[in-house]
There are 2 protein chains.
Amino acid sequence: MDIVFKAINDPTRREILRFLTHGPQNAGTIAQQFNMTKPSISHHLDLLKQAQLIDFSKKGQFLVYTLNKSGFESIHAWFQPFTLFFELPKPKIRL
Amino acid sequence: MDIVFKAINDPTRREILRFLTHGPQNAGTIAQQFNMTKPSISHHLDLLKQAQLIDFSKKGQFLVYTLNKSGFESIHAWFQPFTLFFELPKPKIRL
DNA sequence: TAAATAATTAAACAAATATTTAAATATAAA
DNA sequence: TTTATATTTAAATATTTGTTTAATTATTTA
C-alpha cells in the first residue's frame, strides 16, 4: 500500500503516468520527455513498477511500458471512504 | 498540487485522515491514537492543513480538526484521467 | 494572578529520497 | 564477431523528511 503513495508523490513519476495515458511507450521515448538522465528515469520507472502502476514487456532491445490498472485500484480503494464521507448526505436528525 | 501527494505519502497522516472520518477531533484526541509524541502529530496535522486535507477551528483551549473537502477534490481531479483511461472501452476498429 | 492544561514552534539529527556519473547487460546491426 | 543501441544497476552525494526533546503561546481554573 505504502509504495503506491510513495510512487505518486514524485512529480516526474506523475508526469510519466500521465504520458502513458497516450498509450504504451518504450523507456527511451519516456526519458526524452524529461530534462533528466536515463538512469534517473529508469529508477522512477522501477518505482512505478513496484507500485504496480505500470508494467512492461520486452520488444527486442526495447522495454515497452504501459499503465497497470492494479496500482490505480489501490488508490481508488483508499479514496473510497472519503468519497462516502463527503458525498453521503448527513442525517439532520437523530433517528 | 505537490503538497497533497506529499501529505498522503505518510502512513501516520493517512491514519489521521481515516480517524477524522469518524467526525471532528481535537489535537490531543488525535495524538492519543498514535505511539508518537504530540509535536510529531502536530507537525503531521500542519502538513495535512497545508494540503487542505484538513481544517481546524479553535474551541477554547482546544483545536478541533475536521476533514476538508478541497484537498480530496485535488486528488480526485488528478485521478480522473486514469479512471477514463481504464474504464472507457477502447474502440476495436479504427473509424 | 499563579498554576495547570492544550497545543505549537524551534533546533537537532538519523533515515529516506532523487539525482548524477560510471559500469554492466542484453539485443541488433555491420 | 565486433560495434552500436537501449536500458538497467551500482556507487556516491546533496536534499528532504520524520522524529525527538526543549521552549513557547494561549487558555482555563483555583
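In the text below, chain A, chain B and the rest are named by the order of the sequence lines, each starting its count at 1.
Taken from CD1 in I8(A) to OG in S74(A), the straight-line distance is 10.0 Å, to the nearest 0.5 Å. Remark: F85(B) CZ to T83(B) OG1 distance equals 12.0 Å, nearest 0.5 Å.
Between W78(A) and F82(A), the ring-plane angle classifies as tilted under the 30° and 60° cut-offs.
Using a 4.0 Å cutoff to heavy atoms of chain B, the contacted part of DNA chain D runs 5' to 3' from dT17(D) to dT28(D).
Here N9(B) lies out of heavy-atom contact (under 4.0 Å) with every strand. As judged by a 4.0 angstrom heavy-atom cut-off over every strand, D46(B) is placed among residues making no nucleic acid contact. Residue contacts for Y65(A): at a heavy-atom cut-off of 4.0 Å it reaches the sugar-phosphate backbone alone, with no base atom in range. At a threshold of 4.0 angstrom between heavy atoms, the contacts of H43(B) include nucleobase atoms, whether or not backbone atoms are also involved.
Across every non-hydrogen atom of A7(B) and L53(B), the tightest pair is CB-CD1, 3.7 Å. When every heavy atom of I30(B) is checked against every heavy atom of Y65(B), the shortest pair comes out as CD1-CB, 4.0 Å.
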Using a cut-off of under 3.5 Å, enumerate the N/O to N/O pairs linking the protein to nucleotides 11-15 of chain C.
none

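A donor-acceptor pair under 3.5 Å is formed between the side chain of T21(B) and the backbone N or O of R18(B). Judged by distance alone, the side chain of R13(B) and the main-chain N or O of L48(B) form no donor-acceptor pair under 3.5 Å.
Mapping N26(B) and T37(A) onto DNA chain C by nearest heavy atom places N26(B) at the nucleotide closer to the 5' end. Positionally, the nearest nucleotide of DNA chain D for V64(A) lies more toward the 5' end than for the other of N35(B) and V64(A).
For an aromatic pair to be called close, the ring centres must be under 6.0 Å apart, and F72(B) with F86(A) satisfies this.
Atoms CD (Q61(B)) and C1' (dA7(C)) sit 9 Å apart, rounded to a whole Å. Between the CZ atom of F62(A) and the C1' atom of dA26(C) there is a distance of 13 Å, given to the nearest Å. Rounded to an integer number of Å, the gap from CZ of F56(A) to C1' of dA26(C) is 13 Å.
If you chain together hydrophobic residues whose side chains sit under 4.5 Å apart, F62(B) and I54(B) never meet in one group.
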